[in-house]
K.L.:
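Handing you this structure, nothing more for now.
In this text the structure is predicted, and so the values were computed from the model without any measurement. Letters A, B, ... are given to chains in the order of the sequence lines, protein chains preceding strands, and every chain is numbered from 1.
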There are 2 protein chains.
Amino acid sequence: MATIKQVAKRANVSVATVSRVMNNNGYVSAEAREAVERAIAELDYAPNRVARSLFTKTSGLIGLIMPDITNPFFPQLARAIEDVANQHGYQVVLCNTDEQLAKEQSYLVALQTMHVDGLIITTNHSDNPNYEKLEVPMVALDRIVKSGIDAVISDGYEGGRLAAETLLNCGATRLAHIGGPEQLQTVKRRTDGFLDVAGDRLVGMTHSSFTFKEALTAAQTLFDEHWPFDGLFAANDVIAAAVLQEAVRRNVRVPQDLQVIGYDGIELGEMTSPPLTTISQPIYEMGRRATERLLDLIEKKDTVTKEILLPVTLTERQTTIRKGHDT
Amino acid sequence: MATIKQVAKRANVSVATVSRVMNNNGYVSAEAREAVERAIAELDYAPNRVARSLFTKTSGLIGLIMPDITNPFFPQLARAIEDVANQHGYQVVLCNTDEQLAKEQSYLVALQTMHVDGLIITTNHSDNPNYEKLEVPMVALDRIVKSGIDAVISDGYEGGRLAAETLLNCGATRLAHIGGPEQLQTVKRRTDGFLDVAGDRLVGMTHSSFTFKEALTAAQTLFDEHWPFDGLFAANDVIAAAVLQEAVRRNVRVPQDLQVIGYDGIELGEMTSPPLTTISQPIYEMGRRATERLLDLIEKKDTVTKEILLPVTLTERQTTIRKGHDT
DNA sequence: ACTTGATATGTAACCGGTTACACATTATGA
DNA sequence: TCATAATGTGTAACCGGTTACATATCAAGT
């Protein structure tokens, strides 16, 4: 790789002049500019970002801290983040923490020492001193966060309500629910919303992690202990898929005997049989907004901490019975 | 953040001594070492990786170039890569290229100027000059690659054969196939293997991209034009899921009327109804091996170009009829 | 006692950029 | 015409590490 010095020599100017044309600042004569540009082209020069970083204290890097990219909710988020970061000339560093504070900590120091310009964090530990003492701009994503950290989330409570209302509207009378991991505030809100509308029409409820395997045993438990019910709301689409599978195993027909609503709106919901009715979060949009917000923070366009709350929508597929069409 | 100079002053030594204790090389007296360590602890010092990078020309960064993290095959790969990279003190930079050469190019220069230590590439364009002229160690993953680039792939041809043999063993006599994108060599081999065993028992075949939507229309076409068939091999699990969904729409019972085998072994296969029999690639293992290989290359442990071919296995679930159990 | 090698430490150059500052030249306005 | 501002360019300091090299001390070997 050519260096700025080589370019300077070839163009018969000083490194300062080369730097000026690269960054388009300061005064440069037309001839000098042309000579430099020719030299750059001839040498196929691209400035060393490490060197630039050292001086400017910016890296063009964004740290992305999420529990597990393997969880089907996160790839879309990551994609959105990477897309907009890239459009603005930033690269993203991927970190999987499995929600473990120790891992987060070690990533945090690694990212800090490489001078990332900002952080997008999907963590429950944002109130941890490790985060608080960081002077790096950051925004929390899909997580409710204690103090003065920016956040973008979607309206889980309303999503829960919407699920219950939909089930009720579709004629369900005996409701069931499988909630998510209880320490996830953002997931708990879905349950809260659902429960508030369901009231005493709730006949059974349990909890599960977001792994399919656990979801399957949770579904089995629910069927074993609380059947019959005719409307079920799952805290995410993976759990809903498990319910669907368990339903066919038990010859419970969906949606005739049991209507099911999932949560998230990931692609998996299209692939089940029948395709899953679900409460869709605007996942890509969430990633996009979080990144745009972070970029604003980095460029100091805005310093007032904000929480961005995005609306959810009902995606009606075939695990509920359409009213008005009266299938 | 504290700098090495501050540490040096506090410990009453020179920066060289601090550097020596940090890197554990050169001679350092016990007292000096202790003083430095105390100063480091007191100041919470961590060396600036950017500065170190500039001198050493290593960054601790690995570039991960893949088409689209949103495609459910890739998150596991990314996770494996990130896991082993992290275990060795490296961070990974995520790049989504959508298979577009222009995007790859722009990522390549970005990654190069930030001095990534290595590259894992999932691309069809490895024979492009952009890659060839790079002096960065790299390994291709899940892609067949022209010249002297290391690669790790799994045995697609054998996987295709295995799929056909399994279907035949399970009593299928009229075989169908939905192939993947034709420019993907690694996917084409699955088709080749399948076709070689199927021979003239093949009654119908079509192609599809790996998006669920397209797969669904491909499945419809196949049913429309070539039904009946009783054994189907799909080039990946997403396509297989589409076939399953289309089958229930047409009241075709799986596996009684039609047996289906997918390919990849992603988690989606567990979530369909019925759960999908599939040819499993050792996805995590592939990512792991690729990264370990890359790390060896980076550390110059080995310079002979290698192709690592990993075996695939049959994961028997419920879209095929178990022989010997005669369900 | 003197050479030699091991131990210990500091100074300064270097990595490849950016930019403050000095200096020179040219244009502008009174 | 002369002061002043705008334009153009180079030198060198700086960012925060690493390490070659110089220098010094001390123990061991002859």
Side-chain angles (χ1 to χ4, degrees), chain A residues 1-40 43-61 89 109-117 135, chain B residues 1-40 43-61 89 109-117 135:
Chain A
M1 276 262 71
T3 69
I4 198 173
K5 230 174 264 173
Q6 293 167 22
V7 174
K9 180 185 285 188
R10 182 162 198 125
N12 275 313
V13 297
S14 72
V15 295
T17 300
V18 177
S19 179
R20 287 189 193 104
V21 347
M22 291 296 306
N23 299 296
N24 230 318
N25 61 21
Y27 293 108
V28 182
S29 66
E31 311 87 70
R33 161 162 280 121
E34 209 202 335
V36 169
E37 276 164 357
R38 185 167 40 243
I40 286 174
L43 295 175
D44 198 18
Y45 169 72
N48 181 326
R49 281 173 61 171
V50 176
R52 171 177 281 171
S53 247
L54 183 56
F55 188 88
T56 61
K57 293 173 179 346
T58 71
S59 59
L61 253 25
V109 335
L111 293 173
Q112 190 177 208
T113 60
M114 66 206 283
H115 272 277
V116 294
D117 293 337
E135 306 124 28
Chain B
M1 276 261 74
T3 71
I4 198 174
K5 230 173 266 174
Q6 294 168 22
V7 174
K9 179 185 285 186
R10 183 164 197 124
N12 274 312
V13 297
S14 72
V15 293
T17 300
V18 177
S19 180
R20 288 189 192 104
V21 347
M22 292 295 306
N23 299 296
N24 231 318
N25 61 21
Y27 293 108
V28 182
S29 67
E31 311 87 70
R33 160 162 281 120
E34 209 203 335
V36 168
E37 275 164 357
R38 183 165 42 244
I40 286 174
L43 294 175
D44 198 16
Y45 169 72
N48 181 325
R49 282 172 62 173
V50 176
R52 171 176 282 172
S53 247
L54 183 57
F55 188 88
T56 61
K57 293 171 179 346
T58 70
S59 58
L61 252 24
V109 335
L111 293 173
Q112 190 178 209
T113 60
M114 66 205 286
H115 273 277
V116 293
D117 294 338
E135 306 124 30

K.L.:
Output the single nucleotide from C:dG16, C:dA20, D:dT18 whose closest atom is nearest the side chain of A:R20.
P.N.:
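Among C:dG16, C:dA20, D:dT18, the one nearest the side chain of A:R20 is C:dA20.
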K.L.:
Whole angstrom is fine here: how far is it from OH in B:Y27 over to P in D:dA20?
P.N.:
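Rounded to the whole Å, the gap is 14 Å.
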K.L.:
Do A:V28 and A:T17 touch side chain to side chain, with heavy atoms closer than 4.5 Å?
P.N.:
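Contact flag for A:V28/A:T17 side chains = yes.
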K.L.:
How many whole angstroms separate atom CD of B:Q112 from atom P of C:dG16?
P.N.:
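Result: 14 Å.
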K.L.:
Specify the separation, in whole Å, of atom CD of A:Q6 and atom P of C:dG16.
P.N.:
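Rounding to the nearest Å, CD of A:Q6 and P of C:dG16 are 8 Å apart.
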K.L.:
By nearest nucleotide on DNA chain C, pick out whichever of B:A51 and B:R33 is the more 5' one.
P.N.:
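Looking at the nearest nucleotide for each, B:R33 comes out on the 5' side.
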K.L.:
Go through the N and O atoms of the side chain of A:R49 and the base of C:dG16, and report whether any donor-acceptor pair is under 3.5 Å.
P.N.:
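There is none.
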K.L.:
Considering only side-chain heavy atoms of B:P47, which listed nucleotide, C:dT9, D:dT18, D:dG17, is closest?
P.N.:
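Output: D:dG17.
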K.L.:
Select one nucleotide: of D:dT11, C:dT9, D:dG16, the one nearest the side-chain heavy atoms of B:N48.
P.N.:
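Between D:dT11, C:dT9, D:dG16, the one nearest the side chain of B:N48 would be D:dG16.
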K.L.:
Taking atom P of C:dT26 as reference, at what distance in whole Å does atom CD of A:E31 sit?
P.N.:
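Rounded to the whole Å, the gap is 12 Å.
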K.L.:
Does a side-chain N or O of B:S19 approach OP1 or OP2 of D:dT18 to a distance below 4.0 Å, or not?
P.N.:
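So the side-chain polar atoms of B:S19 do come within 4.0 Å of the phosphate oxygens OP1 or OP2 of D:dT18, strictly under.
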K.L.:
Can you tell if the side chain of B:N23 reaches within under 4.5 Å of the side chain of B:R52, non-hydrogen atoms only?
P.N.:
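Yes - at least one pair of side-chain heavy atoms lies under 4.5 Å apart.
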K.L.:
In whole angstroms, how far is the P atom of C:dT19 from the CZ atom of A:F55?
P.N.:
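Distance check: A:F55 CZ to C:dT19 P gives 6 Å.
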K.L.:
Both B:L54 and B:T17 contact DNA chain D. Which one's nearest nucleotide lies toward the 5' end?
P.N.:
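Going by which nucleotide is closer to the 5' end, it is B:L54.
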K.L.:
Between A:N25 (CG) and D:dT9 (P), how many Å, whole number?
P.N.:
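Value for this atom pair: 14 Å.
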K.L.:
Look at the side chain of B:T56 and decide which nucleotide, out of C:dG16, C:dA8, D:dT18, has an atom nearest to it.
P.N.:
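Of all the options, the side chain of B:T56 is nearest to D:dT18.
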